[in-house]
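The next block holds one structure in the form of structure tokens; read it before the comments.
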Amino acid sequence: MPDVMSSSRLVGVGVGPGDPELVTVKGVNALRAAEVVVVPVMDTGERGRAEATVLHYVEPEKVVRVVFALNERSDRARREAAWDAAGGRVAELLKERGSVAFATIGDPNVYSTFTYLAQTIAELVPGVVVETVPGITAMQDLAARSGAVLTEGTEPLTLVPVTAGSAVLKEALDGPGTVVAYKFGRQAAEVAEALRETGRIGDAVWGSALGLPEESIRPAAELDGAALPYLSTLIAPARRDGGRGGKL
């Protein structure tokens, strides 16, 4: 058994939005170097997006599914219990194996379950070393696939999770710069209304399942109020009328 106080290492690895080619070389090396790779799932019978990506680079025997309350927001007690259980399972793996990589879609420091896991592990495994490897985010991938430019010159960039409510998004749209909305699929109708009210719908684009066979990338003007996949991403580019370099 490894010396937990001196050798335990937990690495959060960003594996991108879904396209396995968008995992960085450093990310692949971290996944392969770990004794075990943990992937978050909503129940033990499913294969999530992170796992599907990881399996392009490591053998299935190395992958361990751990259940997280990924979408639980209404029942705090259930959510906390799920985090505690998941943290306990990963702590066991650290004590048994010494090094664990946690694969998360996107980036481990951007709205990631890894943040809560790391906090829990720090309490359960004294002396554990926690590191992260950055990953390509959905907004970067959508910008590349759609041709939308995220920022120019001095433009600000605002990232809003629509789970915080459409009013937060509308406030951002009323401001300057580019606005990116995450997790807006269930409130697609409200998002479309906010875009129209602020005059930002013309250049906006949304996408889901980026890099996967079921990928969809469409102009926001085509939003008809129907619910979209939960992990949909929206880019509403800044208003640009100054020509090339107008915002420098």
Side-chain angles (χ1 to χ4, degrees), residues 14 16-18 40 42 49 68-80 82-83 104-119 134-146 148-210 216-240 247:
M42 293 181 65
R49 194 176 299 185
F68 286 80
L70 297 173
N71 295 331
E72 180 59 66
R73 288 180 175 79
S74 59
D75 189 335
R76 179 168 182 172
R78 178 179 179 276
R79 182 178 66 232
E80 296 280 355
W83 285 345
T104 178
I105 60 172
D107 182 278
N109 293 305
V110 180
Y111 299 129
S112 171
T113 306
F114 181 74
T115 301
Y116 315 122
L117 175 65
Q119 292 172 355
I136 301 296
T137 61
M139 65 177 168
Q140 291 171 289
D141 196 14
L142 178 57
R145 294 175 186 275
S146 67
V149 176
L150 285 171
T151 56
E152 290 184 3
T154 58
E155 294 171 353
L157 173 64
T158 303
L159 176 59
V160 178
V162 181
T163 48
S166 58
V168 178
L169 173 63
K170 188 173 185 299
E171 181 179 357
L173 290 168
D174 277 327
T178 294
V179 176
V180 176
Y182 274 2
K183 305 177 183 179
F184 81 92
R186 295 173 184 169
Q187 295 172 269
E190 296 171 53
V191 168
E193 181 180 356
L195 286 166
R196 292 189 177 95
E197 288 181 359
T198 55
R200 302 287 294 271
I201 199 164
D203 296 326
V205 63
W206 71 270
S208 64
L210 301 174
S216 180
I217 298 175
R218 309 288 295 177
E222 296 181 8
L223 290 172
D224 59 5
L228 303 175
Y230 174 70
L231 290 178
S232 294
T233 298
L234 173 92
I235 298 175
R239 300 178 178 91
R240 299 180 180 120
K247 295 293 182 67

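Just so it is clear, the model here is predicted, and its values are computed rather than measured.
Rounded to the nearest 0.5 angstrom, R239 CZ and T198 OG1 are separated by 6.5 Å. With values rounded to the nearest 0.5 angstrom, E193 atom CD is found 10.5 Å from I201 atom CD1. The OG atom of S208 sits 7.0 Å away from the CG atom of L228 when rounded to the nearest 0.5 Å. The line from CD of Q140 to CD1 of I235 is 10.0 Å long, rounded to the nearest 0.5 Å.
The minimum heavy-atom distance between P108 and G135, with the atom names listed, is CD-N, 4.2 Å.
Of the candidates L210, D141, T233, L210 is the only one forming a side-chain contact (heavy atoms from CB on, under 4.5 Å) with I217.
Panel note: side chain S232, backbone P229; a donor-acceptor pair is recorded below 3.5 Å. R49 places a side-chain N or O within donor-acceptor distance of the main-chain N or O of P17, the cut-off being under 3.5 Å.
Contact annotation: the side chain of D203 never approaches that of R240 to less than 4.5 Å [non-hydrogen atoms, C-beta and beyond]. Using a 4.5 Å cut-off on side-chain heavy atoms (C-beta onward), K183 and L231 make contact. Contact check for T137 versus L159: no side-chain heavy atoms found under the 4.5 Å cut-off. Under the 4.5 Å side-chain criterion, counting only non-hydrogen atoms from C-beta, W206 is in contact with S216.
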Quick one: do T113 and T104 satisfy side-chain contact (heavy atoms from CB on, under 4.5 Å)? Show the steps, please. CA-CA 7 Å; T113 306; T104 178; 5.6 Å; no

With side-chain contact (heavy atoms from CB on, under 4.5 Å) as the criterion, how do V162 and E190 come out once you've worked through the C-alpha distance, each side chain's angles and the decisive distance to 0.1 Å? CA-CA 10 Å; V162 181; E190 296 171 53; over 6 Å; no

Show me the donor-acceptor pairs, under 3.5 Å and distance only, between side chains in residues 169-179 and residues at least two apart or in other chains.
unit_1 : atom_1 : unit_2 : atom_2 : d
T178   : OG1    : L150   : O      : 2.6
T178   : OG1    : A238   : N      : 3.0

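Ring geometry, Y111 versus Y182: the interplanar angle exceeds 60°, so the pair is classed perpendicular (tilted spans 30 to 60°).
Applying the ring pair (Phe, Tyr, Trp, His ring centres under 6.0 Å) rule to F114 yields the partners F102; only residues at least two apart in sequence or on another chain are considered.
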